[in-house]
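Per chain, numbering begins at 1; letters A, B, ... match sequence-line order.
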Number of protein chains: 2
Amino acid sequence: MTLAYGIDLLDKKILKELALDARLPFAELGRRVGLSPSATAERVRQLESLKVIRGYRAEINLEALGYSITAFVRLTCDGGRYRPFLKFLPTLEPVQECHHLTGGDAFLLKVVLSSVAQLEDLIERLLPYGSPTTSMVLSTPLERKQVVGLLNSL
Amino acid sequence: MTLAYGIDLLDKKILKELALDARLPFAELGRRVGLSPSATAERVRQLESLKVIRGYRAEINLEALGYSITAFVRLTCDGGRYRPFLKFLPTLEPVQECHHLTGGDAFLLKVVLSSVAQLEDLIERLLPYGSPTTSMVLSTPLERKQVVGLLNSL
DNA sequence: CGTGAAAGGTCTAACTA
DNA sequence: TAGTTAGACCTTTCACG
């Protein structure tokens, strides 16, 4: 069976393995999926050039580096302040993600900080662009390190 | 200058490089940070064992695989349904992240799906546990692939 | 997609500041 | 304690079947 972009079962297996350990040597990856090292490398290069694989990232424990606070800020931002806000956005270092959501020009920001004072500072800097509503993260009971679940149901 | 966990400037450089390209060979990584391959490998192993580096993941383009819908669901869940919900959570395949937030036993779920029908199905399955409020992601104007910004300000 | 040889990376251990 | 060097081994790459 062929999937989107002509991705087959072998590609799916490769993606699962690399999602869990991006540093796997091609030889070992090939062993796991049942392919020679060169055939494996060829498929990985194909997946990279199709942008199915976007890159390889080390997952860094920000808490261990002193970034102990994660929060979500929902910013309701009326029409006029939309474009200036998007320009301002990249200058906000603590903002790791910004999503534009359905429902009244709302943005959801995921922010990571090392003190509550920094959170207060961030909120103040957002005020000119809209009304922020902040929720701090108490715990993260689920964070799938990988997309293996989704890949299984392809 | 020494930082949390005895992390110094060289470690910081290593983390930045690996955050951007987890597959860099130690030889090349060493060249970039000014260390021999074996000294580089030693430091990386140290960072791994301290759990500063949690792992290496291929970043997979879910849209290319047909998962075209991302949404956030906020679930307000009263005391009695809290524990059953946490048990139910891992069985929900589309849920990529779940955060417990301040403010009235609320959970924020990030979900990835391939159709609106699946979103409706998910929402129905959440109903026994609380009141879900769903916002679909229209666009993601900022998604830092790496934590380089945060690492710079260490 | 597999094979094989050359190039280059990794690993371990002994050595040095 | 932390880094370098050296040599054995392994991986990657690429031309060819």
Side-chain angles (χ1 to χ4, degrees), chain A residues 1-61 64-66 145-146 148 151-152 154, chain B residues 1-61 64-65 145-148 151-152 154:
Chain A
M1 177 198 174
T2 306
L3 305 154
Y5 281 76
I7 283 162
D8 63 15
L9 271 163
L10 280 170
D11 292 319
K12 214 172 92 172
K13 283 191 195 177
I14 289 172
L15 291 174
K16 275 198 264 186
E17 294 293 342
L18 290 178
L20 288 169
D21 183 4
R23 285 184 73 95
L24 269 184
F26 290 134
E28 174 60 23
L29 180 55
R31 239 167 269 140
R32 296 193 189 180
V33 306
L35 235 46
S36 73
S38 56
T40 309
E42 176 58 28
R43 277 176 179 261
V44 171
R45 250 176 255 119
Q46 188 72 3
L47 290 166
E48 288 167 353
S49 71
L50 288 171
K51 306 287 181 199
V52 174
I53 295 175
R54 275 195 180 146
Y56 305 95
R57 320 278 170 214
E59 185 183 322
I60 293 170
N61 182 352
L65 298 179
K145 302 306 183 201
Q146 7 75 357
V148 173
L151 290 171
N152 279 329
L154 264 186
Chain B
M1 177 197 172
T2 306
L3 305 153
Y5 282 76
I7 282 161
D8 63 14
L9 270 162
L10 280 169
D11 292 319
K12 213 173 95 172
K13 283 192 195 176
I14 289 172
L15 290 174
K16 274 198 263 187
E17 295 293 342
L18 289 178
L20 288 169
D21 181 3
R23 285 186 72 99
L24 270 183
F26 291 134
E28 174 59 23
L29 180 56
R31 243 169 263 138
R32 295 193 190 180
V33 306
L35 235 43
S36 72
S38 51
T40 309
E42 176 58 27
R43 277 177 178 262
V44 171
R45 266 190 289 274
Q46 188 72 0
L47 290 167
E48 289 168 353
S49 71
L50 287 172
K51 307 286 181 198
V52 173
I53 296 176
R54 276 197 180 142
Y56 305 95
R57 320 274 172 220
E59 187 183 321
I60 293 170
N61 182 354
L65 297 178
K145 302 306 181 202
Q146 7 75 359
V147 286
V148 174
L151 289 171
N152 278 330
L154 265 186

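Using a cutoff of 4.0 Å between basic side-chain nitrogens and carboxylate oxygens, A:Glu42 and A:Arg45 are scored as salt-bridged. Under a 4.0 Å N-O distance rule, the pair B:Glu17/B:Lys13 does not qualify as a salt bridge.
Across all their heavy atoms, A:Arg54 and A:Lys51 have their closest contact at CG-O, 4.1 Å. For the residue pair A:Lys16 and A:Asn152, the shortest heavy atom distance occurs at NZ-OD1, 2.6 Å. When every heavy atom of B:Leu10 is checked against every heavy atom of B:Val33, the shortest pair comes out as CD2-O, 3.3 Å.
The side chain to side chain contact (heavy atoms under 4.5 Å, CB included) check on A:Arg57 picks up B:Glu59, B:Lys145, with sequence neighbours excluded.
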Exercise. Base, backbone or nothing for each nucleotide of nucleotides 2-17 of chain C, written B, S, -, heavy atoms under 4.0 angstrom, 5' to 3'?
Worked result: BB-----SSSB-----
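Contact check for B:Leu65 versus A:Lys12: no side-chain heavy atoms found under the 4.5 Å cut-off.
In the helix from C:dG2-D:dC16 to C:dA17-D:dT1, the rotation axis of the first five pairs and that of the last five pairs differ in direction by 30°, rounded to 10 degrees.
Between the CD atom of A:Glu42 and the P atom of D:dA15 there is a distance of 12 Å, rounded to whole Å.
Within the 3.5 Å criterion, the main-chain N or O of B:Leu24 finds a donor-acceptor partner in the side chain of A:Arg23.
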